[in-house]
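By convention in this document, chain letters (A, B, ...) are assigned in the order of the sequence lines, proteins followed by strands, and residues within each chain are numbered from 1.
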There are 2 protein chains.
Amino acid sequence: MPAVAKTSRQDILRTAEDLLGQRGEEGVTFLQIAKRCGVKGPSLYKHFPDREALIHELEVRAFAQLGNQLSAAPQSVIGLASAFLSFASLNPGPYSLLFKSGDPSLPTEAIRPVLVLLENILGNREEALTRARVIASFLHGYALMERSGAFRLGGDPAACVAVGLKLIVPEASGTN
Amino acid sequence: MPAVAKTSRQDILRTAEDLLGQRGEEGVTFLQIAKRCGVKGPSLYKHFPDREALIHELEVRAFAQLGNQLSAAPQSVIGLASAFLSFASLNPGPYSLLFKSGDPSLPTEAIRPVLVLLENILGNREEALTRARVIASFLHGYALMERSGAFRLGGDPAACVAVGLKLIVPEASGTN
DNA sequence: GTCTATAGCTAGATAGAC
DNA sequence: GTCTATCTAGCTATAGAC
């Protein structure tokens, strides 16, 4: 059988994620992916119908990957926050897809551990949602500022993470 | 005198800012700007040497605009935070340029009011810097999530802003 | 499944007429 | 200051040979 497979769906997706982290969404082109996978551009159409399908697949994977990390992490405020920031730092490509609006299918699921934990700590569902939003905003903003080098006033920016979490969920102190 | 001016530096910059807010940085092309300004692409090179110069000008303007808003706002935690979020909401184009790393020239200046206020409230320079970072991360993350529609669990997302600020700077309660 | 060839589009930028 | 014409380059996508 001629035409031996030089690449694969997995290979393409991993390569696309690297490209996404290095050059942003506009940098994820079939031509560049193909080059890195050792094939020519048009070959990728045997694996994905078009670029949009590839991007959508990356989004689905990103939510699944984050969900896995959060599920496997210590179920404490610090534990979940650390897992979230690690994911953002180690997987900048997938992470950048998490907050891009789009279809509201599985997004909710990935964050569930945070909501469950806060409900346990606070004993109030509505308050838990509000705090979860404060934490999500804080961590998301921190992850982006950290990555873009926006903390320009010296000292140790990372120190503000633990401080911020303690301020936002004082009820968890000592329990973590 | 032939060749009457159909557009201007200001017109181009405003148009570029609109485009930036609507289509992102990659959407800011000389061709699109020209179309909206009623001229042809090459005409823009009479106003800016190249695309990079235009983008840089947009960055400088963005920091200046934010600085003006923060200086003119009530110098309280709520006042400055509201001004920041208003700027982000009303000027999505310029706002998107604020956290893109790049040259560390004037960025520091725009944020000064926040630092000054927190030093007054906390009486501790180092603690003020840490809290400022927590607030900046929180507001930046909130602004982006709000804009991208990332708050998908119902209720009123905006409610978490006041709650978050009170948690992060409890010392300011009653003073605002 | 890979390839070459190609079509169609958009972008940045320059040259030179008016 | 604006225009047309042009160049280079990169992208998406399709057709058809192997």
Side-chain angles (χ1 to χ4, degrees), chain A residues 1-62 92-94 96-97 100 102-103, chain B residues 1-62 92-94 96-97 100 102-103:
Chain A
M1 49 290 252
V4 172
K6 293 184 184 176
T7 186
S8 67
R9 201 179 163 79
Q10 283 298 314
D11 188 23
I12 293 167
L13 288 167
R14 299 281 299 178
T15 305
E17 286 171 351
D18 288 346
L19 222 34
L20 184 58
Q22 293 162 12
R23 306 191 190 179
E25 187 167 341
E26 316 287 327
V28 181
T29 73
F30 270 28
L31 247 40
Q32 288 303 316
I33 296 170
K35 197 168 292 180
R36 294 193 183 193
C37 287
V39 297
K40 300 297 180 181
S43 300
L44 298 190
Y45 287 87
K46 291 292 179 181
H47 300 274
F48 295 91
D50 54 29
R51 183 180 185 276
E52 191 184 339
L54 207 199
I55 299 292
H56 182 257
E57 183 80 16
L58 290 179
E59 285 176 10
V60 173
R61 276 167 60 97
S96 71
L97 295 178
K100 290 243 170 177
D103 53 327
Chain B
M1 49 295 253
V4 172
K6 293 183 183 178
T7 187
S8 66
R9 199 180 165 79
Q10 283 298 314
D11 188 24
I12 293 168
L13 287 168
R14 299 281 298 178
T15 304
E17 285 171 352
D18 288 346
L19 223 33
L20 184 58
Q22 292 162 14
R23 307 191 190 178
E25 187 167 344
E26 316 288 326
V28 182
T29 71
F30 270 29
L31 246 41
Q32 287 304 315
I33 297 170
K35 197 168 290 181
R36 295 195 181 193
C37 287
V39 297
K40 300 298 180 182
S43 299
L44 298 189
Y45 287 88
K46 290 291 179 181
H47 300 273
F48 295 90
D50 54 28
R51 184 180 184 275
E52 191 184 339
L54 208 198
I55 298 293
H56 183 257
E57 183 80 15
L58 290 179
E59 286 178 8
V60 172
R61 276 167 60 97
S96 71
L97 295 178
K100 291 243 172 177
D103 54 327

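Interatomic distance, NZ of B:K35 versus CG of B:L19, reported as 11.0 Å (0.5 Å rounding). How far CZ of B:R61 is from CG of B:L97: 11.0 Å, rounded to the nearest 0.5 Å.
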Listed pairs, N/O of protein and of nucleotides 4-6 of chain C, under 3.5 Å:
none

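In this structure, A:F30 has its ring center closer than 6.0 angstrom to the ring center of A:Y45.
Within residues 5-39 of chain A, the residues approached by DNA chain C to less than 4.0 Å at the level of any non-hydrogen atom are A:A5, A:K6, A:T7, A:V39, in residue-number order.
Here D:dG16 presents its P atom at 13 Å from NZ of A:K46, a figure rounded to the nearest Å. Rounded to whole Å, atom C1' of C:dG12 lies 13 Å from atom CD1 of B:I55. Atom CZ of A:R51 is separated from atom C1' of D:dT14 by 18 Å (rounded to the nearest Å). Atoms OH (A:Y45) and P (D:dA15) sit 12 Å apart, rounded to a whole Å.
A donor-acceptor pair under 3.5 Å is absent between the side-chain atoms of B:S43 and the main chain of B:V39, judged by distance alone. Side chain of B:R51 to main chain of B:V28: a donor-acceptor pair is present (N/O by atom type, distance under 3.5 Å, no hydrogens or angles).
For the pair B:L54/B:L44, no side-chain contact is recorded, criterion being any heavy-atom separation below 4.5 Å from C-beta on. Here the side chains of B:F48 and B:I55 are not in contact, with every heavy-atom distance at 4.5 Å or above. Residues A:R9 and A:E57 meet the side-chain proximity criterion, which asks for heavy atoms closer than 4.5 Å.
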